[in-house]
Amino acid sequence: NAGVTQTPKFQVLKTGQSMTLQCAQDMNHEYMSWYRQDPGMGLRLIHYSVGAGITDQGEVPNGYNVSRSTTEDFPLRLLSAAPSQTSVYFCASSYSLGLAGDEQFFGPGTRLTVL
Amino acid sequence: AQKITQTQPGMFVQEKEAVTLDCTYDTSDPSYGLFWYKQPSSGEMIFLIYQGSYDQQNATEGRYSLNFQKARKSANLVISASQLGDSAMYFCAMRERTTGNQFYFGTGTSLTVIP
């Protein structure tokens with residue numbers, strides 16, 4: 001059981017480049033989400049999904065796209081990278097939806113630098 | 001308004017002493033969950049403890065306990081018998097049913113355990 005996996009662990013981009021951060025989970029979780037973590041700001045929700053084919057925006061969605069074609073995978077796409085997107089990105093998953101009490105399991109994070 | 005507020009950016013505690021990390025939350029949803037996560041310097045997010053809004057008793061997990069005061073909307077984390085390995089960032093989080101079970105995180109408290 002690998003839990004939540006993220007690739008790559010580190011990435012350097014130039015302004016204007018696009019890329020996809022990969023996230024996968026093998027726990028059959030319905031709920032998946034992407035966060036960015038910046039110093040002094042905690043974790044901020046970018047996008048989330050409550051099941052395959054369903055996604056929604058979080059607090060800071062601009063500049064990012066997501067899709068959820070399978071239960072397992074939830075990639076995050078940066079459309080045109082900007083220095084303001086330099087951050088650590090975490091993917092997380094949890095059981096559903098019906099109960100508020102299900103904890104989130106986090107991936108190891110991706111450290112992204114945009115020059 | 002902030003959903004989760006952590007007012008202590010940094011805390012110090014002597015080894016073997018107890019420490020309380022503060023967390024207040026804002027919600028009008030009667031069904032919600034409160035979580036604490038630990039983030040050591042290695043960067044991973046580790047789930048510590050959970051309290052449900054309908055739980056009558058304070059949650060405990062080993063040396064961690066959650067001081068849940070519903071009327072005051074506070075969910076403070078108490079770490080007893082601090083150890084050097086407790087030095088880390090600690091994040092309080094909340095999940096509400098009415099917002100699609102999104103998680104909201106505070107800005108975190110950096111705890112340093114002094115030998």
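So that the names make sense, note that chain A is the first sequence line, chain B the second, and so on, each numbered from 1.
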Are [Y] and [X] co-members of a hydrophobic cluster defined by side-chain heavy atoms under 4.5 Å apart?
{"X": "B:Val13", "Y": "B:Trp36", "value": "yes"}
{"X": "A:Met19", "Y": "A:Tyr89", "value": "yes"}
{"X": "A:Leu45", "Y": "A:Val60", "value": "no"}
{"X": "A:Met32", "Y": "B:Phe105", "value": "no"}

Report task. Begin from the C-alpha positions of A:Tyr35 and B:Phe103 and carry the test ring-ring contact (aromatic ring centres under 6.0 Å, His included) through to its verdict. Result -> CA-CA 10 Å; A:Tyr35 296 90; B:Phe103 280 80; 7.5 Å; no

Query raised in the report: Do A:Phe90 and B:Gln39 come close enough that some side-chain heavy atom pair is under 4.5 Å?
Result: yes

Query raised in the report: Do other residues, nucleotides or ligands put more than 12 heavy atoms under 6.0 Å from the CD atom of B:Gln2?
Result: no

Query raised in the report: More than 12 non-hydrogen atoms from neighbouring residues, nucleotides or ligands closer than 6.0 Å to NZ on B:Lys16, yes or no?
Result: no

Query - side chain to side chain contact (heavy atoms under 4.5 Å, CB included) between A:Glu103 and B:Phe35, worked out - result: CA-CA 7 Å; A:Glu103 77 200 67; B:Phe35 304 79; 4.0 Å; yes

Requested in this report: Specify which of A:Gln104, A:Arg44, A:Met41 makes the most heavy-atom pairs with chain B at under 4.5 Å.
Outcome: A:Gln104

Query - B:Tyr37 and A:Phe106 aromatic centres sub-6.0 Å - result: yes

Query raised in the report: NZ/B:Lys3 to CD/A:Glu59 distance, rounded to the nearest 0.5 angstrom?
Result: 11.5 Å

Query - Pairwise distance CD1(B:Ile4) to CG(A:Leu43) - rounded to 0.5 angstrom - result: 12.5 Å

